[in-house]
Amino acid sequence: MILRVWSTICAQNVYEFKCSGPKACNFQTTRLKNVSHTQKRKSKTTFNAYSVANGDVAVMKGWTGKILRVDLSREKSASQEFDADFALKFFGGRGFAAKLLWDETKRGVDPFSPENLLVFATGPLTGLPLPSSSKMVVAAKSPLTGGYGDGNLGSWAAVNLRKAGYDALVVTGTSRKPSYIAIVDGNVRIEDAKEYWGMGSFETERKLKEKHGKAVGVLEIGQGGENLVRYATVVSQEGRSGGRPGMGAVMGSKKLKAVVVEGKKEIPLADEKRLKELGVEGYQSVLSRSNYKFWKRQGTMSTVEWCQANCVLPTCNFRENVFDEAASISGEFMEKLKVTQKGCPNCNMTCGNVIEDIEGNQSELDYENVVMLGSNIGLGDLKKVAHLNRLADDYGLDTISLGNTIGFVMEASEKKLIKEKLEWGNHDDAKRLIEDTVRGEGVGKLAAKGTRAAAEEIGQGSSNWAMNVKGLEISAYDCHSAPGMALGFGTCSIGAHHKDAWVISWEISFGRESYGPEKVAKVLEFQRIRGGGFESLVTCRFPWIELGFELEWYPKFFEAATGVRTSVEEIYTLGDRVYSLIRAYWVREYGSRWSRTMDYPPPRWFKEAPSKGAQKGVKLDVQGYDRLLDEYYVRRGWDKNGIPRQTTLQKLGLADVAQTVGKT
Ligand code: SF4
């Protein structure tokens, strides 16, 4: 049997798969030229997207080839096969999620409606014995932004999902009562979660492990997700969390408290021996890096000192970029308090630094949560910061959006735009606000909606200092004097997030004052590899970004897992495809409300300069930023409003998307 698939990696290259049958497939990949797209066959399941008739499905290597579908309204589940076209075109993780959301959510769908999809997607490297490879992406239409939303987290649940025989879990519908999905003993069950509803994420996971055994992986929500806080996350293993733009709230809207996964199968591999060899070499290579030991001591925490020294440390709602008490929340200070270290499965560079908070409980710290719940709210006591962070993890709230929103509310209080009194740096005020946010009481009701919606309600110019892009709160880098990083925030696929284009370190060594095209090139390069490659493969970016683990490892890992040759350049193209698809999703959802101003950072960075530090008086130049944006759109093949052109979408293999978006 020969299954021809249009290469997803490059529209000019086509792979031919020789498949000896559905049970024993041995891919032999050869490149062919100019072969047309395989005709789509009709689905055999009620889910219409990617299934082909059983006899035609190649038993794929690297991927399990299956998506588990659970419809909570109908209390039904089904295993759906996907074909090589889908796998090679989108790889997994973010690529899978973006395509599924594009195809299966109707334009304008209410994020909290049963019709919204909640996607948990792994990639072809997830769960394999390779460096930092236990991540999954959780995605949905976001209740915070109204656009595409996702995030990644490392968890045994990701590893086990693959070992249960699925690359992704897609949840639709809404349960009539609190429920959880149990993928155990080779069965999929929807179980009653009444006894867990109202519990924090830590206790929920503990109890579910008591019931199902320690070997299961668990994904859960805390009270934040239950009560639809718009930046509630999905949590696992007391501190791993993902889905900043409210994926935990989408889970709560479906009355889905948790997903429990047991995995006992082998993940199918094209070349198991080679993959094991590469894994051993890869782990050793990580260990041999010159900064490995320092990374293990501090993880991302040393960024506090670096940001303070370079005047990019968010302070008091991004009003300033140096913090007088930075030393007391620094990496060096954290080391003195550190009691242990945590991390994701399959990782030998674990980065979660654990200290005890003011109540003696353990709290897992990294740069983002310390700064957003520390300097950004004027709090310079690391144990108190750790306490707020632990509350956020247990409630299942995104620490970045939470710290950003607390900063916004404190500033609104200072300006007397709200009646509640919250003072900068006051731990009790911050704690009370977090609790009110989860309960939806007092000013917490406002805070639960995030900064964009809160500013719209308060008015009086507060949108100028509501620090978000497209509704997603900015993470912990001040960009008054970092235009490249501002562009990274402005154009990130989910709203303002540092993950896809963390160019600030490069930018400051290169020349922060420049608004030249090299900034655009760097943002694009990072978005391709970080926002496209790592998020779709799915694997952690830190070995590469922090220890210099070369990108060339990943095509080798991919080939050993799947049998398909690829290259870094082809992964870049994957990144472009995923980015344009996600942009098309935003444009489709926003319709006439879409404009290039959606890609602008908040007015504060253009209008109000910081009052101290070496970058005192410096602010972003609006014309300069517009030049960067114009150049970015040209290089992406998008029009002057940031809408993908039809030709661009077609070139990327997204002809179906081009029919809806990108008429120019
Ligand atoms: S480096 Fe940190 S985030 Fe990445 S896989 Fe390891 S523990 Fe997880």
Side-chain angles (χ1 to χ4, degrees), residues 110-112 116 140-151 221-234 241-253 314 317-318 368-369 372-373 376-377 388 391-392 395-413 417-418 420 422 430 433-459 462-476 489-490 492-498 586 589-590 593 598 600-604:
D110 178 348
F112 289 150
N116 197 8
K141 181 175 175 183
S142 162
L144 183 64
T145 68
Y148 173 85
D150 75 14
I221 55 170
Q223 299 93 331
E226 291 176 13
N227 296 333
L228 310 185
V229 177
R230 288 177 193 222
Y231 41 88
T233 52
V234 177
S241 77
R244 285 194 59 207
M247 273 67 265
V250 173
M251 197 158 155
S253 75
N317 197 28
F318 293 83
E368 294 291 332
N369 56 38
M372 295 312 294
L373 294 167
N376 195 55
I377 65 168
L388 300 181
L391 281 178
Y395 285 137
L397 300 176
D398 172 53
T399 50
I400 297 171
S401 282
L402 179 66
N404 193 317
T405 305
I406 294 172
F408 174 86
V409 173
M410 285 179 167
E411 184 160 350
S413 172
L417 303 184
I418 55 174
E420 290 81 357
L422 293 96
L433 179 57
I434 293 172
E435 287 163 349
D436 285 348
T437 298
V438 170
R439 288 194 293 256
E441 291 173 1
V443 72
K445 208 170 166 185
L446 192 71
K449 296 176 186 171
T451 53
R452 184 172 68 178
E456 279 164 9
E457 274 188 43
I458 291 176
S462 58
S463 291
N464 286 327
W465 38 272
M467 302 304 288
N468 67 78
V469 176
K470 301 184 186 70
L472 182 65
E473 284 72 25
I474 286 169
S475 38
F489 279 135
C492 175
S493 53
I494 58 169
H497 194 40
H498 61 287
W586 279 92
E589 292 310 305
Y590 271 73
R593 291 179 298 141
M598 299 285 295
Y600 277 37
R604 164 157 280 169

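For the single chain, residues carry numbers from 1 onward in sequence order.
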I want to check something: taking the side chain as every heavy atom from C-beta on, are [X] and [Y] in contact at a cut-off of under 4.5 Å?
{"X": "V469", "Y": "P602", "answer": "yes"}
{"X": "V409", "Y": "L446", "answer": "no"}
{"X": "I458", "Y": "F408", "answer": "yes"}
{"X": "I400", "Y": "Y231", "answer": "no"}

Atom pair [atom1] ([X]) and [atom2] ([Y]), whose distance is rounded to the nearest 0.5 Å:
{"X": "S241", "Y": "I221", "atom1": "OG", "atom2": "CD1", "result": "13.0 Å"}
{"X": "L472", "Y": "F489", "atom1": "CG", "atom2": "CZ", "result": "9.5 Å"}
{"X": "I474", "Y": "N317", "atom1": "CD1", "atom2": "CG", "result": "9.5 Å"}
{"X": "L144", "Y": "T405", "atom1": "CG", "atom2": "OG1", "result": "8.0 Å"}
{"X": "K470", "Y": "W586", "atom1": "NZ", "atom2": "CH2", "result": "6.0 Å"}
{"X": "E473", "Y": "T399", "atom1": "CD", "atom2": "OG1", "result": "11.5 Å"}

Salt bridge (charged side-chain N to carboxylate O under 4.0 Å, His left out): pairs with one or both residues in residues 437-452, sequence neighbours excluded: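 Residue pairs with at least one partner in residues 437-452: D436-R439, R439-E441, K449-E457.
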
Residue pairs, two or more places apart or on separate chains, that pass salt bridge (charged side-chain N to carboxylate O under 4.0 Å, His left out) and touch residues 243-252: R244-D398

Partner set under ring pair (Phe, Tyr, Trp, His ring centres under 6.0 Å) for Y148, not counting sequence neighbours: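 Scan of Y148 (ring pair (Phe, Tyr, Trp, His ring centres under 6.0 Å), adjacent residues dropped) gives none.
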
Shortest non-hydrogen contact between [X] and [Y], atoms and distance:
{"X": "A447", "Y": "T437", "answer": "CB-OG1, 3.5 Å"}
{"X": "P245", "Y": "G149", "answer": "CG-CA, 3.8 Å"}
{"X": "T451", "Y": "A466", "answer": "O-CB, 3.7 Å"}
{"X": "G459", "Y": "S462", "answer": "O-OG, 2.8 Å"}
{"X": "S142", "Y": "P111", "answer": "O-CG, 3.5 Å"}
{"X": "G407", "Y": "I377", "answer": "N-CG2, 3.7 Å"}

Keeping the roles fixed (side chain from [X], backbone from [Y]), state whether a donor-acceptor pair exists under 3.5 Å.
{"X": "E589", "Y": "G147", "answer": "no"}
{"X": "S413", "Y": "E420", "answer": "yes"}
{"X": "N376", "Y": "F318", "answer": "yes"}

Partner set under side-chain hydrogen bond (donor to acceptor under 3.5 Å, both in side chains) for N404, not counting sequence neighbours: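 In terms of side-chain hydrogen bond (donor to acceptor under 3.5 Å, both in side chains), with neighbours along the sequence ignored, N404 is linked to no residue.
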
Partner set under side-chain hydrogen bond (donor to acceptor under 3.5 Å, both in side chains) for S493, not counting sequence neighbours: R94, D500

Single hit among H498, M372, M467 for side chain to side chain contact (heavy atoms under 4.5 Å, CB included) with S475: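 Passing option: H498.
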
Step-by-step side chain to side chain contact (heavy atoms under 4.5 Å, CB included) determination, I406 to L373: CA-CA 8 Å; I406 294 172; L373 294 167; 4.1 Å; yes

Qualifying residues under side chain to side chain contact (heavy atoms under 4.5 Å, CB included), relative to L228, sequence neighbours excluded: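 L228: side chain to side chain contact (heavy atoms under 4.5 Å, CB included) contacts with F112, S253.
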
